[in-house]
Amino acid sequence: MFSGKCRSQARLDGKTAIVTGSNTGIGKVTAKEFYRLGARVVMACRDVKKAEQAVADILADVKGDNVGQLIVEELDLASLASIRRCAKRILLKEKQIHLLVNNAGVMACPKGKTQDGFETQFGVNHLGHFLFTSLLLPRIRSSAPARIVIVSSLAHMGGSINFDDINYDTRMYVAMLAYSQSKLANVLFAKELSRNLEGTGVHVYSLHPGIVRTELTRTVDKVFFPGAWFLFRFFVYPWVKNPEQGAQTTLHCSIDEKAGEQTGLYYSNCKVKEPSSLAKNVELAKKLWDKSVEMVGIKDYDMFNCEDTLPEPLKDV
């Protein structure tokens, strides 16, 4: 009843959009809407078979003229090697990138590490998207006006960045606190990225989609207690957003004309909202940026140049 709705009538004819994690949930709805609006949509997903099924579903649902194209690319955000391979394939195929929606993510999962040794939630939700965005950024800049949309969460309000133990190597692991750390990192990334891109025509957004009925909470039984998933679905699901409602703020940030005049802000229910005080900390955002550059191994890479060439970190991939 109180869910915001994207009211824009803008179309995306001739535009190229990338949506991570678009085989299900709000990512799938986002890709479907971009396709309906005429965009060439790259669906960057870990599970290619599920992504291909999502393509079939979208093609069956959206009929008529003036639709776009759907392309599947394999992307495992828990692997820096996979991210580099995906970015290279995209840069070789796509001459322009007008929209990047960093939607994929994990939530409240058991303690674990990515292939490169990062805490799973921080590695997938933040570092994976940080590297992916960085490698595509020169092409995005050369395609301006362009937008980068980062799906965060209200959970960032309870987050902090522990630079002394960012991967939970020594402190006690608490799944929701690790999730909140990763979601705060999303907002800080958007803030620092927008600052670095000021005046380039590339605008950046972070957002809370709402509490949405998606597969994101599929691991709650392992984190909390057996049966938590059943209780969550029985008692909570009737009161939360469906994927179509959950995708509205992403769509608003991606295509709305007024939002196109803004950058570096945080949104919820298709409106600008105040993030946490830590999320507005400029020094913290810069410190996280520098730490992220070091962790993903792109210390000597100039992501802000507009040269239409393959980035150095990808030439040997």
Side-chain angles (χ1 to χ4, degrees), residues 10-23 27 30-45 48 51-52 54-55 58-59 62 65-77 80-104 128-150 193-194 196-205 250-251 253-255 257 259-260 263 296 298 301-317:
R11 287 191 55 83
L12 295 172
D13 302 294
K15 304 293 186 182
T16 298
I18 302 170
V19 186
T20 68
S22 45
N23 62 287
T30 301
K32 177 180 175 180
E33 187 63 10
F34 288 172
Y35 170 73
R36 186 184 71 79
L37 294 174
R40 176 178 170 86
V41 186
V42 178
M43 301 172 65
C45 304
V48 171
E52 290 172 345
V55 168
I58 293 171
L59 293 177
V62 182
D65 300 325
N66 301 319
V67 295
Q69 295 174 278
L70 296 169
I71 300 96
V72 172
E73 290 288 355
E74 183 178 3
L75 171 66
D76 183 356
L77 289 163
L80 297 184
S82 174
I83 294 165
R84 292 174 189 270
R85 289 194 298 269
C86 182
K88 184 172 184 176
R89 290 194 303 271
I90 290 173
L91 290 172
L92 289 173
K93 296 176 185 177
E94 310 299 335
K95 298 307 178 186
Q96 292 187 307
I97 301 171
H98 304 95
L99 254 175
L100 171 61
V101 178
N102 290 330
N103 165 83
H129 280 129
F130 181 89
L131 177 60
F132 191 54
T133 303
S134 299
L135 295 174
L136 299 179
L137 197 54
R139 186 64 48 84
I140 295 172
R141 280 200 59 185
S142 68
S143 307
R147 304 189 195 190
I148 299 170
V149 180
I150 301 171
L193 183 59
S194 69
N196 284 315
L197 290 172
E198 187 175 353
T200 66
V202 180
H203 290 189
V204 187
Y205 313 79
T250 298
L251 295 172
C253 292
S254 298
I255 66 174
E257 296 86 347
T263 188
V296 302
I298 54 171
Y301 167 50
D302 179 10
M303 67 186 77
F304 297 109
N305 73 73
C306 286
E307 294 182 14
D308 196 17
T309 56
L310 202 62
E312 283 293 336
L314 297 183
K315 288 186 176 178
D316 296 327
V317 173

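Computed from a prediction, not measured in an experiment: that's the story for all the values here.
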How close do [X] and [Y] get, counting heavy atoms only, and between which atoms?
X	Y	result
Val202	Ala144	CG2-CB, 4.2 Å
Tyr205	Ala259	OH-O, 2.7 Å
Ile255	Arg147	N-NH1, 3.5 Å
Cys86	Ala44	SG-CB, 4.5 Å
Pro138	Asn305	CB-O, 3.1 Å

Test item: [X] and [Y] side chains (from C-beta on) under 4.5 Å apart, heavy atoms:
X	Y	value
Val19	Thr250	no
Tyr301	Leu314	no
Thr16	Ser143	no
Phe130	Asn102	no
Arg89	Glu74	yes
Glu94	Val42	yes
Pro313	Arg84	yes
Val55	Val72	yes

How long is the straight-line distance from [atom2] of [Y] back to [atom1] of [X], given to the nearest 0.5 Å?
X	Y	atom1	atom2	result
Leu92	Lys88	CG	NZ	6.5 Å
Asn23	Met43	CG	CE	7.0 Å
Lys15	Leu99	NZ	CG	8.5 Å
Ile140	Thr133	CD1	OG1	6.5 Å
Cys45	Asp76	SG	CG	11.5 Å
Arg40	Gln96	CZ	CD	11.5 Å

Ile90 vs Ile97, side chain to side chain contact (heavy atoms under 4.5 Å, CB included): CA-CA, chis, key distance, verdict = CA-CA 9 Å; Ile90 290 173; Ile97 301 171; 4.1 Å; yes

Side chain to side chain contact (heavy atoms under 4.5 Å, CB included) between Thr200 and Phe304, intermediate numbers included = CA-CA 10 Å; Thr200 66; Phe304 297 109; over 6 Å; no

Report the C-alpha separation of Leu193 and Leu137 in whole Å, then their side-chain angles, then the decisive distance to 0.1 Å, and conclude whether the side chain to side chain contact (heavy atoms under 4.5 Å, CB included) test is met.
-> CA-CA 10 Å; Leu193 183 59; Leu137 197 54; 3.9 Å; yes

Side-chain (Arg36) to main-chain (Val62) donor-acceptor, under 3.5 angstrom | no

Between the main-chain N or O of Leu75 and the side-chain N or O of Ser82, is there a donor-acceptor pair closer than 3.5 Å?
-> no

Does a donor on one side chain and an acceptor on the other come within less than 3.5 Å for Asn103 and Thr30?
-> no

Run the side chain to side chain contact (heavy atoms under 4.5 Å, CB included) check on Val41 and Ile58 step by step: do they pass?
-> CA-CA 12 Å; Val41 186; Ile58 293 171; over 6 Å; no

